[in-house]
Amino acid sequence: MATAVLESGERETYLNREYGIKSWLLTVDHKRIALLYLMGITFFFFIGGFFALLIRLELLTPAGDLVQADTYNKLFTMHGQVMVFFFLIPAVPAVLGNFLIPIMIGAKDLAFPRINLLSWYLYIIGGMLMVYTILAGGVDTGWTFYTPLSTEFLKTNVTTAALAVFVSGFSSILTGLNFIVTIHRMRAPGMTWNRLPLFVWAHYATSIIQVLGTPVVAIAIVLVALERLFHLGIFNPTLGGDPLLFQHLFWFYSHPAVYIMILPGMGIVSEIVCCFSRKRVFGYKAMALALLGIAVVGFLVWAHHMFVAGISLYAALIFSFLSYFVAVPSAIKVFNWTSTMYKGSITYQTPMLYAFGFVGLFTIGGLTGLFLACLGVDVHVTDTYFVVAHFHYIMVGGMVMAYLGGMHFWWPKISGRLYPEGWGRLAALLVFVGFNLTFFPQFILGYMGMPRRYWDYSHSPEFQILNVLSTAGATILAVGYLLPMIYFLWSMRYGKPAPDNPWNAAGLEWTIPSPPTTFNFEEQPVVTWEAYNYDELDQRREEVPVAH
Amino acid sequence: MHTSPPATVEGEAHENPALLHHFATEEQQKNAASLGMWIFLITEIMFFGGMFCAYLVYRYSYFGDFAAASSSLDLKLGTINTIVLIGSSLTVAMAVRCAQVGKQKAIAVYLLLTIILGVAFLGIKAIEYKQKFDEHHVPGLANFHLEGHVPRHADVPVNQNHAQIYFSLYFAMTGMHALHMIIGIALLGFMIIRARAGAYTTGHVTYVENFGLYWHFVDIIWIYLFPLLYLISRH
């Protein structure tokens, strides 16, 4: 089928088909919506990062000298809320998932394109409420909104922050709903469940969590807002209400939310590892089931956030056991990525460097999670920097690494341009070094007993050296994050035009032009091959040399 | 590579104006929409589930006070409202049926009846809320007071704090339910306009069907709320 050619002589793509602000703000094209999300997410990533840098600057010296204690409380609260709700949770699904899932399964769009646009608007409305909260003086509940602190005592902008999280939660629910229906109903002929790329499986598992978990935190946060506005007394201990009930409702979502962040990252890493090892993924079915396993078991571990909050010993024992149990599917994933690399023809392009980083750092983050699942050790390290280091290894070392790896891997497809490989590798290296320098000292700090959320540690100045290391690392990390943003923007104008399949990778997204046309496929694709058929691909390339 | 004649897929898509461009067949479109609706209802169950969970925890802890507070509700109005709401489920079901068999005018009539019943429900609910304000049964207000004693324990007065928790849950749960009704009524108004314009011809009734699912869901929530809130230890 003849590709449409524009008057300028360029090939028509989803990017140049229409111009103007309206063609973007009213678009129902999943690829354009993905780019809209990319802008929002990048904005909030740097807002959240800015707060993180201020936190690190304050901790450079033991005395609380850069900001006031109240300001510090606001900084870590807004860092957490912005990063969790406006970057980590939407980032991979709403940007890469939105862009790739329809293409990977051979569909023209998501099942509900207009709901997809609605999700973006909800995300932006929630984001604006968050920005308003910040500008109006901030909020200092901690990202967890714990009652009765949030309902009874604080005079800051808790209600608007709660509303921001509530509204963006609906964006997340609708994205998950859209993905589930799309993956069930829109697959191309021949694209059976056992042929789905693991990226799609990962988003399927993620969507289940979004759909089942998010409404629960939504109602918990609505109840907090109602307590503030109308003095209802559902969590109010002076009436006999139970603050632990809020914590249960909150963590019922917010623990699985960690898997909303990490599962899509796992999907990305599976794609990258296979491509740059030139091998089919080791244990495809185990990998797919492990994703679902993490999603299911991940729903049953939430109270490990509450071991010292006063839950019963028997409950703690069961949640401890279940928390250990979630390590099993996680370990399956790590072992299978390693086995995929074993005897593969590995090359070290930028996406693969991020994938290496992910596997290593996720393993450290996961194993230290087991320390915290262990009741005895948890009592010692609860609310210390050990916990902070642990979840940053998962969220930043895991999820952000995977996100950046995915952005590099699919950037040629998204933009139609190649990014500069040398700069890419340098940035990957900076991110890895900077990350470890920032967060590894925090494991030691936490084990030594430095509490989290403290603004002043002048009672124990021996913590300073490790805090200085951590702040130095954060500076390197900031450079590592700025670089890709700069060269991605640069490449949109000056980058070399990307071929359809620059990595010679498997998957339907690499069979269509870069960047794709609005409806993705000229003709309905019919899938006759298994996922990650790299043996076949490489054999074909040897037989018929293709000019690249 | 790109040589075949243009727009075969597009051409097929435009034969039926009801079929959106990105679906291959009408059946696929219909299946997608109803699966989406069912998943949405699951999210709604989880949403209300948080409040039901809170209700169960406190009812277990403060049973006597909950029973006393429950018996202060107007059972007659609650029962009438339950009947009104079940009636509205019937009219919605009739509207769906009419859409399926293509009775254009009847759809709008049944949808209108549903609106009337829905508004009647909200009106009665408003009267009940008014009563609670008059009787000083609104939590968080300084004048909150619930007279009486724990049922079958004439010597145990009602714990005012626990009664406030009951009424907090009462207002949160019935309020959230009423909000869903209001959204439903707004959708009904929109659908009546569309039905009068002849939008729901045979083969394109998914919208009405899915709305029916939503309305039944809101109805079912009430079917649980009514006994849990009104009928604690009534004799």
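So that the names make sense, note that chain A is the first sequence line, chain B the second, and so on, each numbered from 1. The model shown is predicted, which means the values in this text are computed figures rather than measured ones.
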Heavy-atom pair with the smallest gap, counting every atom of B/Y58 and A/F235 | OH-CA, 4.2 Å
Given a strict heavy-atom distance threshold of 4.5 Å, which part of B/L35 is in contact with chain A: side chain, backbone, both, or neither?
-> both
Heavy atoms only, distances under 4.5 angstrom: which of A/D242, A/V217, A/I115 has the most pairs with chain B? Name it, please.
-> A/D242
State, to 0.1 Å, how close B/A172 and A/L232 come at their nearest heavy-atom pair, and which atoms those are.
-> CB-CD1, 4.2 Å
Which of the residues A/P102, A/G213, A/G241 is involved in the greatest number of heavy-atom pairs with chain B at under 4.5 angstrom?
-> A/G241
Side-chain donor-acceptor pairs of residues 176-185 of chain A under 3.5 Å, sequence neighbours excluded:
| unit_1 | atom_1 | unit_2 | atom_2 | d |
| --- | --- | --- | --- | --- |
| A/N178 | OD1 | A/F112 | N | 3.0 |
| A/N178 | ND2 | A/F112 | O | 3.0 |
| A/T182 | OG1 | A/A111 | N | 2.9 |
| A/T182 | OG1 | A/N178 | O | 2.5 |
| A/H184 | NE2 | A/Y204 | OH | 2.7 |

Which of residues 244-253 of chain A get closer than 4.5 angstrom to chain B, counting heavy atoms alone?
-> A/L245, A/L249, A/F252
A/K108 side chain to B/F23 backbone, donor-acceptor under 3.5 Å = no
Should we say atom CZ of B/R234 is surrounded by more than 12 heavy atoms from elsewhere, each under 6.0 Å from it?
-> yes
What's the shortest heavy-atom distance between B/A54 and A/I234, and which atoms?
-> CB-CG2, 4.5 Å
Chain A contact via B/Y62 - which portion, at a heavy-atom distance below 4.5 Å = side chain
Given B/G175, B/G36, B/G49, B/A33, the one with more heavy-atom pairs under 4.5 angstrom with chain A than any other is B/G36
Drop me the distance from A/M186's CE to B/Q29's CD, to the nearest 0.5 angstrom.
-> 9.0 Å
In terms of heavy-atom contacts, does NE2 of B/H145 have more than 12 from other residues, nucleotides or ligands at under 6.0 Å?
-> yes
Closest approach of A/V211 to B/I39 (non-hydrogen atoms, all atoms of both residues) | CG1-CG2, 3.6 Å
Heavy-atom contact with chain B under 4.5 Å, split by part of A/T238 | backbone
Where do B/M46 and A/L212 come nearest, in terms of heavy atoms and distance?
-> CE-O, 3.2 Å
Around atom CH2 of B/W38, are there more than 12 heavy atoms of other residues, nucleotides or ligands at under 6.0 Å?
-> no
Smallest separation among heavy atoms of B/H162 and A/L239, with atom names = CD2-O, 3.3 Å
Point-to-point distance, once rounded to the nearest 0.5 Å, from CG of A/L110 to NE2 of B/H22 | 8.0 Å
If you tally heavy-atom pairs under 4.5 Å between each of A/A218, A/A220, A/P113 and chain B, the highest tally belongs to A/P113
